[in-house]
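Atoms within each ligand, like the ligands themselves, are counted from 1 in listed order. Just so it is clear, the values below take in all heavy atoms, side chains as well, and ignore hydrogens, waters and symmetry mates.
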Amino acid sequence: MVDDSVFSDVAPQFLPGWEIVVGLEVHCELRTKTKLFCGCANSFGREPNTNICPVCLGLPGSLPVINEQAVELAVRIGLSLNCTVDESIFHRKNYFYPDMPKDYQVSQYEKAINENGYLELPLSRKIVRIERAHIEEDTGKSTHVGGDNGRIHGADHSLVDYNRAGIPLVEIVSAPDLRSAEEAREYVSELRSILVASGASDGKMEEGSLRVDANVSVRQLGLSEFGTRCEIKNLNSLRSLVRAIGYEAQRQVALIESGGKIIQQTRHWNEDQGVTSAMRSKEEAYDYRYFPEPDLVPLSPSSEWITEIKGRIGLLPASRRERLAVLFDGVSSGSTFDQIVTAVNLGLDDLIVGSVESGADPRLALARATNEVAGDLEKLSNLTVEKFSDLIKMESERKLSATQAKNVLAQMLVSGATALDIAKAMGFEALDSSVIEDLVDQVISSSPREWERFSAGEDQLAGFFIGQIMKLSKGKADGKVVTSILRSKR
Ligand code: ADP
Ligand code: MG
Ligand code: ZN
């Protein structure tokens, strides 16, 4: 997914005298083998309505059996988000949309498995409270055909695919602690990293593995009471999240300033037009006629099991950042730290740490990873720690210039060949300094007047000589070596 788009293409967000308040509900599909209550595979992209069975279709007489792996992954999420993990129960949430063949969704309502946690934003160091992270089953997927932008209004007909019905989800509900679209972005980015590192999710926003609903309200600066909120449904990239919050806050301020009143609503984000529009007025809990699921017993993970699960959680982002920061005197802010945060968000930290362990220069490894490798992430599987560290070492030892190293790395991501082989094939064997020295001498004797001026102190002529030598060497000479030879000769 990683969509690191910055703020720039977003409508102006500066709303003088107003404060934005945001709370996020993030739905995370769990990486289990099977669905939450049946043996159907947890898979994406199959032919519609082929990955279903009597249980996930809710046929009469079928009974749910809870998936142990899903519960474990939910516990991993809770522990990773500093929640209290405790006994919980399931409810039926009843409704009349056709995307759930049972006409209800099984969810945790009164008592969630994970409650009262928090996460810390890496850049702003802000603590964002997590109210709850509960287990529920995903619904099927409706597609409305022939109407306006996929909405049911004005559609000719609707299609429904139940393959997704019953896929295990954890819904992570934040407190209304976020105060800007940018903070919301940082929160989702960090949460995503935590979900991936804990092993609970593949983090693929573009495949719908993570879906965000944003609750947005505005209030006049200085007021302590919250304004009325609207909930924007199903934002599936960081870019949409930022744009939707920005738009919605401006809409609300404009409405209030012109004497209007915000009504609590569920709203739809239109990516093409960059606007939100009303979908329906907010449901109240009683609309759903919640009642305890009679076919499932309360879920009570033992403390022994929870301890075992804790031991299986991988290294979380905060520890991963620390592990990188020690390579840079423990930095905790500034541009190097920003790069560290990016490296961990993109899952590049193992590559960097591994290459440094085998002797690569940390700064160069961090730079090449967060710039060049980050630009071609889908080819990451072609890169091994060994190949990457060999490349970094060749650059540090000046066997490759910076430009050459970037070219070799780009090729390495495509083909998976070694740095040495690629450099040879590209004719990038850097020139020996004795060869460079010969070239320097040639250029000096062919430009005696310029050399006299350079020797007399006209430093700006260095560029002239470097250019000539580079031309003669067909770009293979290392600029730094050329410069030092030039200076030693005058
Ligand atoms: P509901 O059950 O109706 O969805 P919740 O209390 O569970 O309501 O809140 C849902 C989300 O809305 C939470 O993420 C919460 O932080 C957020 N939220 C609540 N009040 C506000 C508000 N005034 N402005 C922005 N977000 C809010
Ligand atoms: Mg809610
Ligand atoms: Zn099934």
Side-chain angles (χ1 to χ4, degrees), residues 18-27 32-43 46 49-59 62-67 70 81 91 93 100-102 106-110 112 115-119 128-134 136-140 161-168 171-181 183-184 187-188 191 211-220 223-233 235 241 244-245 248-249 252-253 256 262-267 280-288 290:
W18 292 87
E19 183 171 53
I20 303 178
V21 174
V22 178
L24 297 179
E25 298 168 81
V26 176
H27 292 85
T32 54
K33 287 208 182 70
T34 55
K35 290 188 180 180
L36 186 55
F37 298 119
C38 64
C40 291
N42 178 357
S43 64
R46 294 211 187 166
N49 298 310
T50 57
N51 187 30
I52 48 176
C53 76
V55 176
C56 53
L57 288 181
L59 297 186
S62 63
L63 286 171
V65 178
I66 186 90
N67 178 339
L81 294 173
H91 275 68
K93 179 180 182 179
M100 208 51 182
K102 297 187 286 198
V106 177
S107 180
Q108 298 193 314
Y109 174 58
E110 269 170 24
E115 293 183 344
N116 301 321
Y118 65 87
L119 70 71
V128 181
R129 290 167 300 155
I130 309 283
E131 293 176 351
R132 50 197 269 134
H134 62 264
E136 63 186 26
E137 57 181 342
D138 207 347
T139 61
D161 174 11
Y162 292 132
N163 286 351
R164 203 178 67 182
I167 300 280
E171 179 179 342
I172 300 137
V173 183
S174 85
D177 286 348
L178 300 159
R179 292 291 174 271
S180 67
E183 265 184 18
Y187 169 85
V188 174
L191 179 59
R211 304 191 295 271
V212 182
D213 299 341
N215 295 272
V216 180
S217 65
V218 296
R219 63 178 169 187
Q220 245 141 359
L223 289 189
S224 59
E225 243 172 66
F226 286 141
T228 302
R229 72 180 194 264
C230 289
E231 178 174 355
I232 313 163
K233 283 284 181 195
L235 300 165
L241 173 76
I245 293 171
E248 180 59 18
Q252 293 183 12
V253 167
I256 298 168
I262 307 295
I263 23 175
Q264 198 172 333
Q265 268 175 343
T266 304
R267 298 179 70 86
R280 53 177 189 253
S281 65
K282 166 86 186 159
E283 296 85 353
E284 298 296 339
Y286 56 71
D287 291 329
Y288 292 122
Y290 282 101

Report the part of E231 in contact with ligand 1, treating N, CA, C, O as backbone and CB onward as side chain, heavy atoms under 4.0 Å; options are side chain, backbone, both, neither. neither

Counting only heavy atoms closer than 4.0 Å, does ligand 1 sit against the backbone of T228, its side chain, both, or neither? neither

Any heavy-atom pair between the side chains of Y118 and D177 that's under 4.5 Å? no

Please could you name the atoms of ligand 1 that G227 approaches to less than 4.0 Å, counting only its heavy atoms? 23 (N)

Going by heavy atoms in the side chains, are L235 and I245 under 4.5 Å from each other? no

Quick one: sort the Y109 and H91 rings into parallel, tilted or perpendicular, breaks at 30° and 60°. perpendicular

Atoms of ligand 1 under 4.0 Å from any heavy atom of F226, numbered from 1 in the order shown, are 23 (N)

Would you mind listing which atoms of ligand 1 come within a distance below 4.0 Å of any non-hydrogen atom of A175? 16 (O)

Give the single entry among S174, A214, C230 that approaches atom 15 (C) of ligand 1 most closely by any heavy atom. S174

For V173, the ligand 1 atoms with a heavy-atom partner under 4.0 Å come out as 13 (C), 14 (O)

Vertex the Zn ion (ligand 3), arms to C38 SG and C40 SG, rounded to 10°: 110°

Run the numbers for me: atoms of ligand 1, each under 4.0 Å from some heavy atom of P176, listed by number. 16 (O), 26 (N), 27 (C)

So, are R179 and E19 salt-bridged, with charged N and O less than 4.0 Å apart? yes

From the list H27, K93, Q108, side chain to side chain contact (heavy atoms under 4.5 Å, CB included) with E136 holds only for H27

Return yes or no for this condition: an N or O of S217 is under 3.5 Å from an N or O of ligand 1. yes

For residues P64 and V106, determine if any side-chain heavy atom of one lies less than 4.5 Å from a side-chain heavy atom of the other. no

Do I66 and L36 have side chains that approach each other closer than 4.5 Å (heavy atoms only, starting at C-beta)? yes

